[in-house]
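Working notes for the structure below.
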Amino acid sequence: MSLDSEHRQIEVKRFIEEVGLLFEFTGLPRMAGRILGWLLICDPPHQSTGELVEVLQASKGSISTMTRLLIQAGMVERMGVPGERRDYFRITLGTWSVLIKQRQAQLAAIRQVAERGLELLAGEDSHRLERLREMRDFHAFFERELPVLIERWEQERHQKDGRRVEEG
């Protein structure tokens, strides 16, 4: 193995760990993030459980549990390959829009809690209400604006996909 190849493998492992930590920060188990990290850069874009076990140096049980979690979250899909009996996993196209749409529900829940707090403190000192108003208004703003951004993203993505087809 050449030094360049060794360096590349180290950087790939570093990238996988970085994605694992990033997704752990968002609430997913680190191993789920590591799976995503590999699926983002692997070739071919679909990997078997055995391949994930080998690359990520994880147990088959851990890979199975985390791929099931990622499938339920809509981030990964299970697929078959003609002529092969095993299942493969790949990133679900459009998953990033789905994730943001899920965050919209969280924004709405936080806004609703702030509104309940404002109702609870109705008639109180304006200074006490200021924190709740900011919380409500901030989340209401993003609750309104995210759908517009998602729609713009999806239009841009479809335009880029159309250009790629024309170029190909």
Closest heavy-atom pair and its distance - [X], [Y]:
X	Y	value
Met66	Ile35	CB-CD1, 3.4 Å
Ala73	Gln102	O-NE2, 3.5 Å
Gly117	Leu132	C-CD1, 3.5 Å
Ala32	Leu69	CB-CD2, 4.2 Å
Lys60	Val53	CA-CG2, 3.7 Å
Leu36	Leu28	CD1-CD1, 4.4 Å

In Å, rounded to the nearest 0.5 Å, how long is the span from [atom1] of [X] to [atom2] of [Y]?
X	Y	atom1	atom2	value
Ser48	Arg85	OG	CZ	14.0 Å
Asp87	Glu77	CG	CD	12.0 Å
His127	Leu129	NE2	CG	10.5 Å

Any sub-3.5 Å donor-acceptor pair from [X]'s side-chain atoms to [Y]'s backbone N or O?
X	Y	answer
Thr92	Thr95	no
Thr67	Ile63	yes
Gln47	Pro44	yes
Thr65	Gly61	yes

Are any non-hydrogen side-chain atoms of [X] and [Y] less than 4.5 angstrom apart?
X	Y	answer
Trp38	Ile41	yes
Leu99	Thr26	no
Ile91	Met75	no
Pro147	Glu151	no
Arg133	Ser126	yes
Ile71	Arg78	yes

Single-linkage hydrophobic cluster [X]~[Y], side-chain heavy atoms < 4.5 angstrom:
X	Y	value
Leu149	Leu107	yes
Met79	Leu52	no
Val76	Phe15	yes
Ile110	Phe142	no
Val98	Leu70	no

Charged N to carboxylate O under 4.0 angstrom, [X] versus [Y]?
X	Y	result
Glu11	Arg14	yes
Glu154	Lys101	yes
Arg152	Glu156	no

I'd like to know whether CD of Glu134 has more than 12 heavy-atom contacts from other residues, nucleotides or ligands below 6.0 angstrom.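 No.
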Can you tell me if Gln112 has over 12 outside heavy atoms packed within less than 6.0 Å of its CD?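 More than 12 heavy atoms, drawn from other residues, nucleotides or ligands, come within 6.0 Å of this atom.
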Using side chain to side chain contact (heavy atoms under 4.5 Å, CB included) as the criterion, list what pairs up with Arg30, not counting sequence neighbours.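 For Arg30 the side chain to side chain contact (heavy atoms under 4.5 Å, CB included) partners, ignoring immediate neighbours, are Glu17, Leu21, Glu24, Arg34.
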Got a sec, which pairs hit ring pair (Phe, Tyr, Trp, His ring centres under 6.0 Å) with one end in residues 56-100, sequence neighbours left out?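 Matches after skipping sequence neighbours: His46-Tyr88.
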Any pair with a residue in residues 113-131 that passes salt bridge (charged side-chain N to carboxylate O under 4.0 Å, His left out), sequence neighbours left out, goes on the list, sorted by first then second residue, please.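 Residue pairs passing salt bridge (charged side-chain N to carboxylate O under 4.0 Å, His left out), neighbours aside: Arg111-Glu115, Glu124-Arg128.
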